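The structure under discussion appears below in the form of structure tokens.
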Amino acid sequence: MGKSSQQQELNINGVKVAVTSPDKPLWPKKGLKKIHYLEYLTRVAPYLLPFLRNRALTVIRYPHGVNDERFYQKNCPDYAPDFIETVREDQIDYIVCNTLPSLLWLGNQLAFELHIPFRKNGTSRPSEIVMDLDPPSRDEFVLSVEAALLIKEVCDKLKLKAFVKTSGNKGLQVYVPLPENEYTFDDTRRFTQFLAQFLITKEPGWFTIERLKKNRGNKCYIDFIQHAEGKTIIAPYSVRGNEEALVATPLWWDELERDLRPETFPLDTIQQRLEKTGDPFAEFEETKSVQRFGPVLDWLKEQKL
């Protein structure tokens with residue numbers, strides 16, 4: 001790497017990325033330092049970058065690690081190096097993370113949480129549908145498991161291929177890839193609203209679409225409103241700013257058992273997991289071109305849903 005132990009430099013295919021304070025503690029409970037985080041990003045880049053590519057990025061930065069202040073960042077800072085790409089939307093110059101040097105620069109800036117919109121730059125149409133399943137706490141995580149399995153059952157009957165990941169916190173998120181630039185957010189809202197209504201009709205004691213937390217009780221919130229223009233979701237394989245360094249981890253559907261716990265997937269286990277079980281989202285992109293959402297949308301319109 002070169003330079004002192006507190007300021008080093010990575011050379012990635014001729015692009016130089018500065019690394020400062022590599023020994024800085026970030027997740028003290030886990031004993032994880034900045035160098036561990038940068039190593040993690042390097043290893044998961046082939047799995048993470050496809051979801052960041054050509055999307056306006058919103059990050060949450062933790063300048064002193066997880067036990068201190070944090071802040072959201074949308075605008076690319078003036079001191080960003082020349083290799084950082086941006087896209088201008090609504091008077092904001094968003095960072096676009098298309099490459100490993102960009103990802104590692106963000107890591108050095110202590111951007112832990114990488115949030116992406118549901119559409120790619122240059123289009124107003126979503127690339128996927130995502131249903132956010134949000135139980136009141138990790139103690140009720142099983143409710144998000146039950147919700148995800150019910151959604152999978154519906155998608156199977158409708159011949160739609162769905163994927164699932166942890167949120168990296170206390171819930172799950174179900175993805176339905178879509179053909180690029182074909183369906184509108186109004187189209188997808190019909191489907192997310194249909195799924196939410198199905199769940200609360202099926203198990204009204206478990207699920208709710210009540211937006212106010214104080215009125216949800218111990219039910220799992222089915223957030224069909226989150227999938228919309230201007231909203232974002234945590235990217236697959238992004239780490240979260242909790243003390244356990246949990247990762248928003250893609251899962252295989254047969255892993256969704258009642259005893260599944262989000263704490264099973266911290267940053268320091270993901271590389272071994274990928275080597276052992278592979279990437280559950282490996283077929284995500286190719287699924288888009290064969291996903292038959294059109295007949296489902298036609299049916300929903302006929303039902304006036």
Side-chain angles (χ1 to χ4, degrees), residues 5-8 10 17-45 47-49 51-52 57-77 79-80 84 94-95 97 100 102-116 132-141 144 165-173 213 223 226 232-251 260-274:
S5 62
Q6 291 303 302
Q7 184 170 351
Q8 303 176 3
L10 301 174
V17 182
V19 175
T20 56
S21 304
D23 294 327
K24 186 172 190 173
L26 301 184
W27 289 274
K29 181 178 178 179
K30 297 285 294 182
L32 295 172
K33 302 176 181 180
K34 180 188 278 191
I35 191 63
H36 299 130
Y37 181 43
L38 295 177
E39 288 172 350
Y40 169 77
L41 291 177
T42 301
R43 289 172 177 153
V44 301
Y47 312 98
L48 170 59
L49 282 174
F51 291 93
L52 305 182
L57 191 61
T58 298
V59 303
I60 305 180
R61 290 175 55 185
Y62 293 75
H64 306 293
V66 297
N67 294 328
D68 210 311
E69 65 177 333
R70 66 175 189 168
F71 63 92
Y72 283 80
Q73 180 175 300
K74 293 186 177 183
N75 243 322
C76 181
Y79 55 80
I84 296 297
Y94 288 91
I95 291 173
C97 185
L100 178 58
S102 297
L103 184 61
L104 293 179
W105 180 80
L106 285 166
N108 189 61
Q109 297 294 307
L110 300 183
F112 292 173
E113 303 198 9
L114 310 174
H115 295 258
I116 53 175
D132 191 27
L133 312 174
D134 186 21
S137 74
R138 291 186 195 166
D139 291 339
E140 294 86 9
F141 182 74
S144 64
K165 81 178 200 297
T166 69
S167 68
N169 188 14
K170 59 185 173 71
L172 291 169
Q173 291 154 352
K213 289 185 179 181
D223 192 355
Q226 178 64 21
T232 62
I233 198 81
I234 190 73
Y237 294 108
S238 173
V239 71
R240 302 302 296 263
N242 44 45
E243 62 180 10
E244 303 99 329
L246 301 185
V247 169
T249 306
L251 303 174
L260 181 70
R261 299 296 305 164
E263 297 92 341
T264 306
F265 308 104
L267 177 152
D268 51 340
T269 66
I270 301 302
Q271 179 62 25
Q272 183 179 8
R273 170 180 166 80
L274 283 165

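Just so you know, these numbers use all the heavy atoms, side chains as well, and skip hydrogens, waters and symmetry mates. As the structure is a prediction and not an experimental result, all values here were calculated from the model.
Residues Cys76 and Ile84 form a side-chain contact, since some pair of their non-hydrogen atoms from C-beta on lies under 4.5 Å apart. At a threshold of 4.5 Å between non-hydrogen side-chain atoms, the residues Gln173 and Ile233 count as touching. In this structure, Ile270 and Phe265 have side chains that are in contact, with non-hydrogen atoms separated by less than 4.5 Å. Contact annotation: the side chain of Ile95 never approaches that of Val59 to less than 4.5 Å [non-hydrogen atoms, C-beta and beyond]. Within the 4.5 Å cutoff, the side chain of Phe141 has heavy atoms near those of the Pro262 side chain. Residues Asn108 and Thr20 meet the side-chain proximity criterion, which asks for heavy atoms closer than 4.5 Å. Using a 4.5 Å heavy-atom cutoff, the side chains of Ile116 and Thr58 are not in contact. Residues Glu113 and Ile234 meet the side-chain proximity criterion, which asks for heavy atoms closer than 4.5 Å.
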**Request:** Evaluate the side chain to side chain contact (heavy atoms under 4.5 Å, CB included) criterion for residues Cys97 and Leu49: first the C-alpha distance (whole Å), next the side-chain angles of each, then the deciding distance (0.1 Å), finally the verdict.
**Result:** CA-CA 7 Å; Cys97 185; Leu49 282 174; 3.9 Å; yes
**Request:** Would you check, one step at a time, whether the test side chain to side chain contact (heavy atoms under 4.5 Å, CB included) holds for Leu26 with Lys34?
**Result:** CA-CA 6 Å; Leu26 301 184; Lys34 180 188 278 191; 3.9 Å; yes
**Prompt:** So Val239 and Tyr37, side chain to side chain contact (heavy atoms under 4.5 Å, CB included) or not? Walk me through it.
**Reply:** CA-CA 9 Å; Val239 71; Tyr37 181 43; 3.6 Å; yes
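Considering all non-hydrogen atoms of both residues, Pro28 and Asn67 come closest at CG-ND2, 3.6 Å. Taking both residues in full, the closest heavy atoms of Pro266 and Thr269 are given as O-OG1, 2.9 Å, listed atom of the first, atom of the second, then distance. The two atoms that bring Pro135 and Ser144 nearest to each other are CD-CB, 4.0 Å, heavy atoms only. Closest approach of Gly168 and Leu246 over heavy atoms only: O-CB, 3.3 Å. When all heavy atoms of Asn242 and Arg138 are compared, the pair lying nearest together is ND2-NH2, 3.7 Å. Shortest non-hydrogen contact noted between Leu32 and Ala245 is CD1-CB, 3.8 Å.
For the residue pair Tyr79/Gln109, the side-chain donor-acceptor check at 3.5 Å is satisfied. Side chain to side chain, Glu39 and Thr42 fail the donor-acceptor criterion of an N or O pair below 3.5 Å. Arg61 and Gln73 are linked by a side-chain donor-acceptor pair at a separation below 3.5 angstrom, with hydrogens and angles left out of the test. Using modelled atom types and a 3.5 Å distance limit, the side chains of Gln226 and Asp132 yield no donor-acceptor pair.
Ring planes of Tyr47 and Tyr237: tilted class, angle from 30 to 60°.
The main-chain N or O of Ala235 is never found under 3.5 Å from a side-chain atom of Ser238 such that the two would form a donor-acceptor pair. Side-chain N or O atoms of Thr166 include one that pairs as donor or acceptor with a backbone N or O of Val247 at under 3.5 Å. For the pair Arg70 (side chain) and Gly241 (backbone), a donor-acceptor distance under 3.5 Å is absent.
Ionic pairing of Glu244 and Lys30 is not present here: no N-O contact between side-chain nitrogen and carboxylate oxygen is shorter than 4.0 angstrom. Classification of Lys170 and Asp134 as a salt-bridged pair holds, one side-chain N sitting under 4.0 Å from a carboxylate O.
By the neighbour-count criterion of 12 heavy atoms within 6.0 Å, atom NZ of Lys24 is densely surrounded, having more than that number from other residues, nucleotides or ligands.
Aromatic rings of Trp27 and Phe112 (six-membered ring for Trp) have centroids within the 6.0 Å cut-off, being under it.
Interatomic distance, CG of Leu267 versus OH of Tyr40, reported as 5.5 Å (0.5 Å rounding).
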